[in-house]
Amino acid sequence: MLSVEEARERVLARFHPLEAEQAPLTEALGRVLAEDALARESSPPFTNSAMDGYALRSADTRAASEQAPVRLRLVGEVAAGSVYADEAQPGEAIRILTGAPLPAGADAALQQELTEVADGWVTIRQPVAPGTNVRHAGEDVRPGALLARAGVELGPAEIALLASLGVSPVRVRRRPRVAILATGDELVAPGEPLKPGQIYNSNSPYLIAAVARAGATPVALGAAPDRADALREKLAQAQGHDLILTSGGVSVGDYDLVKQMLGEQGEMEFWRVRIRPGKPLAFGFLGETPLLGLPGNPVSAAVTFELFGRPAIRRMLGAARVERPSITVTLAGEEQRRADRRQFVRVRLASDDGQLVAHTTGAQDSHLISSLQGATALLIVPEGEGVIRPGEKAQALLLNDALPWLE
Ligand code: AMP
Ligand code: MG
């Protein structure tokens, strides 16, 4: 049986970044950049005012005071979106609005609250330092600056930065198309009535959601009954996708057909990993198409997707990081017994006096879908003997890249 690392290496070795394509910037949320994005211009593109007030030459105000105010002649106005045609001359002030280009000759803008204006004159009762309320061209970004690296997943902040430099469309990786197929005679789609002995197919909805969240396009193929001919037909439809995810039918039960299919129509790379939950995990190829055969138990399917399927998708996306971040947490609640398989315990992280504390989400059996809910991390219980006691430190994989809400 393979260790988690060996299995992960063998899976990841078979995936590579997909080709690049163009996407309009406003549709690029969550897409992964295929190349570095560089600034061709400056931002801000021109020096402008940070305030509504009066543009002036600071030297004119050097001697201004309460006792001896300086009066500047109001000669014009410049609003955002327009340009003042002349140069500011000594003794002149120009009405300026926030974001408007600073007129040539002016080197400061005094906010209107600090001025008095009457009869075409602006009265100033204090010296104004050069640069006051001035936003300089290129202060945010200089030409040639790296805006975002290849492999970065675009979020609202990156999108805003690229937009401020006029970048659109962007070169991103094509989203992988991931076929999702459940197996089992007992499965019924949610929304349909259940007959005795049947259960709802929850793995397909889980995987459709998790695949989309990982940045790929899910292609739902429903459920195949436990018959070789039916499964063969469904798998024929799945071929040609970037990845096939099946669930169920990979353990040693009588109806475990996925392995048989891999044997018949492709090659099997491995089918068991020293992991709990999720030992019966198969990986192989149907023709050219990689197939991850996830276990049927819903929690096992979810955890093995997280540990093997998501990194494969992130690799195809060219993401700089394919793994979840690993952090040190302090165990709370019950002790965790180590065993010969590495365990991934669903936990909720809370912040307690400067420490991240991990509480399990309850009973951890692999059929308890409720144990997935509310989990913000997977606590890693390494192989071995003995226990991890409450208060002791352990590693955990964050299920979201951001830290959890503090409670
Ligand atoms: P299997 O690996 O096919 O033997 O399935 C193991 C367990 O997972 C059984 O209890 C199945 O009923 C259950 N199971 C398999 N597939 C699904 C599914 N798509 N949704 C919910 N439970 C499933
Ligand atoms: Mg089954």
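By convention here, the first residue in the shown sequence is residue 1. One-based numbering, in listed order, for ligands and for the atoms of each.
Looking only at atom types and distance, the side chain of S251 has a donor-acceptor partner in the side chain of D256 under 3.5 Å away. For the residue pair T361/R346, the side-chain donor-acceptor check at 3.5 Å is not satisfied. With 3.5 Å as the limit, one finds a donor-acceptor pair spanning the side chains of Q395 and T328.
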Going by atom type alone, with no hydrogens or angles, which donor-acceptor pairs under 3.5 Å involve a side-chain atom of residues 4-13 and a protein atom two or more places apart or on another chain?
| unit_1 | atom_1 | unit_2 | atom_2 | d |
| --- | --- | --- | --- | --- |
| E5 | OE1 | R342 | NH2 | 3.0 |
| E5 | OE2 | R342 | NH1 | 3.0 |
| E5 | OE2 | R342 | NH2 | 3.0 |
| E6 | OE1 | S3 | N | 2.8 |
| E6 | OE1 | S3 | OG | 3.3 |
| R8 | NH1 | L307 | O | 3.3 |
| R8 | NH1 | E323 | OE1 | 2.4 |
| R8 | NH2 | E323 | OE1 | 3.4 |
| R10 | NH2 | E269 | O | 2.8 |

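For F270, the ring pair (Phe, Tyr, Trp, His ring centres under 6.0 Å) criterion is met by F283, not counting sequence neighbours.
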Between ligand 1 and the protein, find all N/O pairs closer than 3.5 Å and give the distance for each.
| unit_1 | atom_1 | unit_2 | atom_2 | d |
| --- | --- | --- | --- | --- |
| ligand 1 | 2 (O) | G296 | N | 3.4 |
| ligand 1 | 3 (O) | G249 | N | 3.0 |
| ligand 1 | 8 (O) | G296 | O | 3.2 |
| ligand 1 | 8 (O) | N297 | N | 3.2 |
| ligand 1 | 12 (O) | E186 | OE2 | 2.6 |
| ligand 1 | 14 (N) | G296 | O | 3.3 |
| ligand 1 | 19 (N) | N201 | OD1 | 2.9 |
| ligand 1 | 19 (N) | N203 | ND2 | 3.4 |
| ligand 1 | 20 (N) | S202 | N | 3.1 |
| ligand 1 | 20 (N) | N203 | N | 3.4 |

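Judged as a side-chain hydrogen bond (donor to acceptor under 3.5 Å, both in side chains), the pairs with a partner in residues 216-230 (not counting sequence neighbours) are, in order, R227-D229.
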